[in-house]
Amino acid sequence: MAIAVCSRILLQGARRGGLLSSRAAPAFSSLFLSRGHRLGPSDDDMYQRTTVSIMQKEQDNGILILSYSPSGFNIDGNRVLGPCALLPPAILQWNVGCSKDITEESVSLFHMLEPRIEILVLGTGAHLEKINPSVLALLKKNGIAVEVQDTPNACATFNFLMSERRVVAAGLIPPSYSTALEVMKE
């Protein structure tokens, strides 16, 4: 029966000049394959689902600072006490006590890395503190941009740069305990 229907359609097209015209026409014409017809599961072998196979998942080597406190940092679930140096994927203790302890020697770790870091984010504690100009000059000479901020903003900046997949490192000093409540009580 299907053959009879297809033959009738083809003959009607031939009578109208569709198949015998000088215009190029597809070799196989059917109403079922026209643009107005959507294929569905009932169309059997003409209906195929598209599948996607992930060959290799993208590795996420980035680390994020989840929280900070006067005692240290929570970095990807790892509790770090005291100042730290973040050199993704490594987390190291950083032997500085305050912003005045940031010297050429204490930042030498950052400019000896390979591949070279683009940006070094320094968190100086609860407040923005000045860094020795000779330290900044040394880092600039080695092609490292430096962003000096208070620690809360430095944590946010580090997370943002990591999400952009930049080659970034951080040297962070935990913020000190706030005395704002004690002043208000007096």
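No donor-acceptor distance shorter than 3.5 angstrom exists from the side chain of Glu104 to the backbone of Leu136, with no hydrogens or angles considered. The backbone N or O of Cys98 lies less than 3.5 Å from a partner atom in the side chain of Asp101, making a donor-acceptor pair. In this structure, the side chain of Asn142 does not engage the main chain of Ile144 through any donor-acceptor pair within 3.5 Å.
Contacts of Glu118 classified as salt bridge (Lys or Arg N to Asp or Glu O under 4.0 Å), with partners at least two apart in sequence or in another chain: Arg166. With sequence neighbours left out, the side chain to side chain contact (heavy atoms under 4.5 Å, CB included) criterion links Ser106 to Trp94, Val96, Ile102, Thr103. Scanning for side chain to side chain contact (heavy atoms under 4.5 Å, CB included) contacts around Asn74 gives Leu66, Ser67, with sequence neighbours left out.
Going from atom NE2 of His111 over to atom NZ of Lys141 covers 8.0 Å, rounded to the nearest 0.5 Å. Between Ile63 atom CD1 and Ile75 atom CD1 the span is 6.0 Å, to the nearest 0.5 Å. Between the CE atom in Met162 and the CD1 atom in Ile119 there is a gap of 11.5 Å [rounded to 0.5 Å].
When all heavy atoms of Ala85 and Phe110 are compared, the closest pair comes out as CB-CZ, 3.9 Å. The two residues Glu105 and Ser108 have their closest heavy-atom pair at O-OG, 2.7 Å. Pairing each heavy atom of Phe158 with each of Ala170, the nearest pair is CD1-CB, 3.6 Å. Smallest separation of non-hydrogen atoms from His127 and Asp150: C-CB, 3.8 Å. Among all heavy-atom pairs drawn from Glu129 and Ser99, the shortest one is CB-OG, 3.1 Å.
Residues Leu172 and Cys155 are in side-chain contact: their nearest non-hydrogen atoms beyond the backbone lie under 4.5 Å apart. Between Ile117 and Val168, the closest side-chain pair of non-hydrogen atoms is not below 4.5 Å. Side chains of Arg79 and Ser69 form a contact here, defined as non-hydrogen atoms less than 4.5 Å apart. Side-chain contact between Ile91 and Phe73: absent, with no pair of heavy atoms (C-beta onward) separated by less than 4.5 Å. Side-chain contact between Val121 and Val146 is absent, with no heavy atoms from C-beta onward closer than 4.5 Å. By the 4.5 Å heavy-atom criterion applied to side chains, Tyr68 and Pro174 are not counted as neighbours. At a threshold of 4.5 Å between non-hydrogen side-chain atoms, the residues Glu147 and Leu122 do not count as touching. Side-chain contact between Leu86 and Cys84 is present, with heavy atoms from C-beta onward closer than 4.5 Å.
Around the CG atom of Asn95, the shell of radius 6.0 Å holds no more than 12 heavy atoms that belong to other residues, nucleotides or ligands. Enclosure of atom CD in Glu164 by more than 12 non-hydrogen atoms of other residues, nucleotides or ligands within 6.0 angstrom is indicated.
In the hydrophobic cluster analysis, where Ile, Leu, Val, Met, Phe, Trp and Tyr join through side-chain heavy atoms closer than 4.5 angstrom, Val107 is grouped apart from Leu161. Hydrophobic clustering (side-chain heavy atoms under 4.5 Å, transitive across Ile, Leu, Val, Met, Phe, Trp, Tyr) groups Leu109 together with Leu138. One hydrophobic cluster, built from ILVMFWY side chains closer than 4.5 Å, holds both Leu92 and Leu139. Note: the hydrophobic cluster containing Leu113 also contains Val135 (ILVMFWY, side chain heavy atoms under 4.5 Å, direct or indirect links). Cluster annotation: Ile65 and Ile173 are assigned to distinct hydrophobic clusters (Ile/Leu/Val/Met/Phe/Trp/Tyr, side-chain heavy-atom contacts under 4.5 Å, transitive).
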Any chance you could lay out the side-chain contact (heavy atoms from CB on, under 4.5 Å) test for Thr151 and Thr124, step after step, and finish with the verdict?
CA-CA 6 Å; Thr151 297; Thr124 59; 5.7 Å; no
